Participant: 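Below are the structure tokens for one structure; questions will follow.
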Amino acid sequence: MNKRVRVRFAPSPTGGLHLGGVRTVLFNYLFAKKHGGDFILRIEDTDQSRFVPGAEDYIVQTLNWCGMIPDESPVVGGPFAPYRQSERKESYKQYATTLINAGHAYYAFDTPTELEEMRNHFKTSENPSPQYNHAIRAKMRNSLSLDAAEVAALLSANTPYVVRIKMPDHEEVTFTDMIRGEVSFNTSQVDDKVLLKADGMPTYHLAVVVDDYLMKISHAFRGEEWLPSAPVHVLLWKYLGWQNEMPEWAHLPLILKPDGHGKLSKRDGDRLGFPVFAMDWTDPKTNEKAIGFKERGFLPEAFVNLLVVLGWNDGTDQEIFSMAELIEKFSIDRVHKGGAKFDYEKAKWFNAEWIKNADNAYLAGLVQPYFDAAGIVVNDPAYLQKIIGITKERCILLPDFITQAGFYFSAPTQIDTASIAPKWDENKKNFFEALCMAFENSNSNDPLELENIFKALTATHGLKAGELMLPMRIMLVGGKFGPGVFEIAATIGISDTVARIKHALTLL
Ligand code: GLU
């Protein structure tokens with residue numbers, strides 16, 4: 001690559017980050033890091049009506065959580081600051097003027113009512129929502145249809161106007177997409193998009209081209225939903241005389257609903273009970289809350305891993321990748337063209353794998369907030385790490401540690417006696433009373449020795465070990481879960497083991 005690689009993630013701060021958005025960040029980030037380039041965060045906040053307070057901070061936090069820290073951003077600044085488009089407002093107007101002077105754009109004075117009338121007037125069953133385009137512009141009030149004196153009078157009277165691109169009739173616009181190869185559009189299919197709004201703010205179409213140029217962006221990755229806008233952008237690069245600087249485009253395939261029908265939406269997550277956003281998000285206007293992968297108990301490493309395989313593989317069967325490995329292996333020509341179905345069960349599998357292989361001290365730090373919330377008190381950090389080591393193979397999501405490990409710190413408050421009661425009798429009661437005594441006499445913390453004591457005693461009572469193990473487990477942990485029962489007894493210690501059995505006996 002001869003040009004310095006500079007890529008950007010350019011979100012509009014309109015709400016929580018959908019996992020498709022985070023995957024776009026990830027592909028940007030991996031590409032930049034692989035080529036020793038720069039990863040830029042640019043906030044595209046020119047649409048004031050869609051601005052949502054808190055959304056920018058949320059984006060920054062999400063990137064931090066995933067370990068994808070931008071080299072340049074509104075937070076750290078950089079040589080092309082500012083990185084918020086609302087703060088660059090003044091720079092866009094001159095480019096709109098350049099385009100008007102060159103005959104590639106024009107002033108349009110149509111009021112919202114006039115636009116509405118136009119839509120009603122030209123509406124047909126084949127074309128239910130007519131667009132402002134080459135066929136219609138001559139019938140509207142703009143600097144192409146009105147005479148020069150009238151335009152000058154309207155401008156000097158400060159009549160509100162927008163600037164629109166003048167799309168050529170029947171021209172083929174072609175560019176090479178890194179994922180799709182050659183893509184062509186006929187310009188007569190595309191409307192005369194607004195470039196500058198009545199409030200003086202640019203639209204996305206103008207701002208994205210100007211900023212990608214000024215910020216020397218070499219490669220632009222964005223969602224496939226932007227493909228129909230690409231001909232407008234390609235023409236703007238050409239009309240502004242920058243075509244040799246145009247970034248290479250990559251339009252990323254969608255992440256699809258689990259059944260493969262259509263784009264995965266937040267509503268699918270609500271309906272099917274899984275997160276679609278990276279982190280919890282509460283809409284400040286509606287107070288509507290969306291759950292995030294982070295708070296559900298996903299490790300950031302697992303989140304990155306499950307995202308990358310939604311649309312990419314390295315050509316082998318490998319599924320588990322660390323960020324460092326991804327930076328080394330990522331290549332854009334292995335990004336799939338088709339959409340990738342989201343599978344929440346598979347997503348959880350990635351998390352379980354990452355938990356299983358994670359360092360105990362690292363997991364302890366992640367589990368602690370869940371324990372705090374559940375009121376589980378950890379006095380000894382080394383003991384917590386040990387317990388995490390024993391239980392992590394059984395945990396899929398971080399909150400699973402509350403169930404799988406909480407009983408190592410305090411006696412269970414709920415004991416599933418209902419599962420013991422149907423087969424309970426006096427003989428079993430006697431057995432457990434004798435077991436308590438035998439355990440106390442041994443004062444052992446060796447699981448094997450405890451097991452031997454247990455087995456010897458079952459024989460004395462004419463019982464089978466198999467019918468007593470589950471009751472003992474339930475007495476110690478509260479339910480039918482956890483690692484080996486003698487491991488548990490040895491870890492919590494004889495006095496706690498005996499106390500829990502005795503307490504359970506009072507309930508039976
Ligand atoms: N602001 C656009 C969005 O919200 C960015 C698209 C692009 O990356 O060009 O998706």
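As the structure is a prediction and not an experimental result, all values here were calculated from the model. We count ligands from 1, going down the list as the structure has it; atoms in each ligand are counted the same way.
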Participant: What is the nearest protein non-hydrogen atom to atom 9 (O) of ligand 1, stated with its residue, atom name and distance?
Facilitator: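 Answer, as residue, atom name and distance: Y204 OH, 2.4 Å.
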Participant: Under 4.0 Å from ligand 1, counting heavy atoms only, is it the side chain of W226, its backbone, both or neither?
Facilitator: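 Side chain only.
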Participant: Would you say V208 and ligand 1 have an N/O pair spaced under 3.5 Å apart?
Facilitator: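 V208 vs ligand 1: no N/O contact under 3.5 Å.
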Participant: Where is the nearest protein heavy atom to atom 5 (C) of ligand 1: which residue, which atom, and how far?
Facilitator: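 The closest one turns out to be A10 O, 3.0 Å.
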Participant: Going by the atom numbers of ligand 1, which of them fall below 4.0 Å from some non-hydrogen atom of R222?
Facilitator: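 Taking each heavy atom of R222 in turn, ligand 1 has 7 (C), 8 (O), 9 (O) under 4.0 Å.
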Participant: Among R6, R42, R8, K216, find the one that has a salt bridge (Lys or Arg N to Asp or Glu O under 4.0 Å) with E72.
Facilitator: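 The single option meeting the salt bridge (Lys or Arg N to Asp or Glu O under 4.0 Å) with E72 is R6.
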Participant: For atom 4 (O) of ligand 1, find the nearest protein heavy atom and state the residue, atom name and distance (0.1 Å precision).
Facilitator: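 Minimum-distance protein heavy atom for atom 4 (O) of ligand 1 reads S12 OG, 3.2 Å.
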Participant: Does the ring center of Y344 lie less than 6.0 Å from the ring center of W349?
Facilitator: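 That pair fails the under 6.0 Å test.
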Participant: For Y213 and W242, take the angle between the two ring planes, folded into 0 to 90°, and tell me which bin it lands in: parallel under 30, tilted 30 to 60, perpendicular over 60.
Facilitator: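 Ring orientation of Y213 relative to W242: parallel.
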Participant: In terms of side-chain geometry, is the basic nitrogen of K34 or E328 positioned less than 4.0 Å from the acidic oxygen of its partner?
Facilitator: no
Participant: Tell me, yes or no, whether the heavy-atom count around K289 atom NZ, taken from other residues, nucleotides or ligands under 6.0 Å, exceeds 12.
Facilitator: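 No, not enclosed.
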Participant: Take the angle between the ring planes of Y29 and F39 and call it parallel below 30°, perpendicular above 60°, tilted in between.
Facilitator: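 Rings of Y29 and F39: perpendicular, as their planes differ by over 60°.
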Participant: Considering the heavy atoms of E44, write down every atom of ligand 1 situated less than 4.0 Å from one of them.
Facilitator: 1 (N), 2 (C), 5 (C)
Participant: Is R8 near ligand 1, meaning one of its heavy atoms is under 4.0 Å from it?
Facilitator: yes
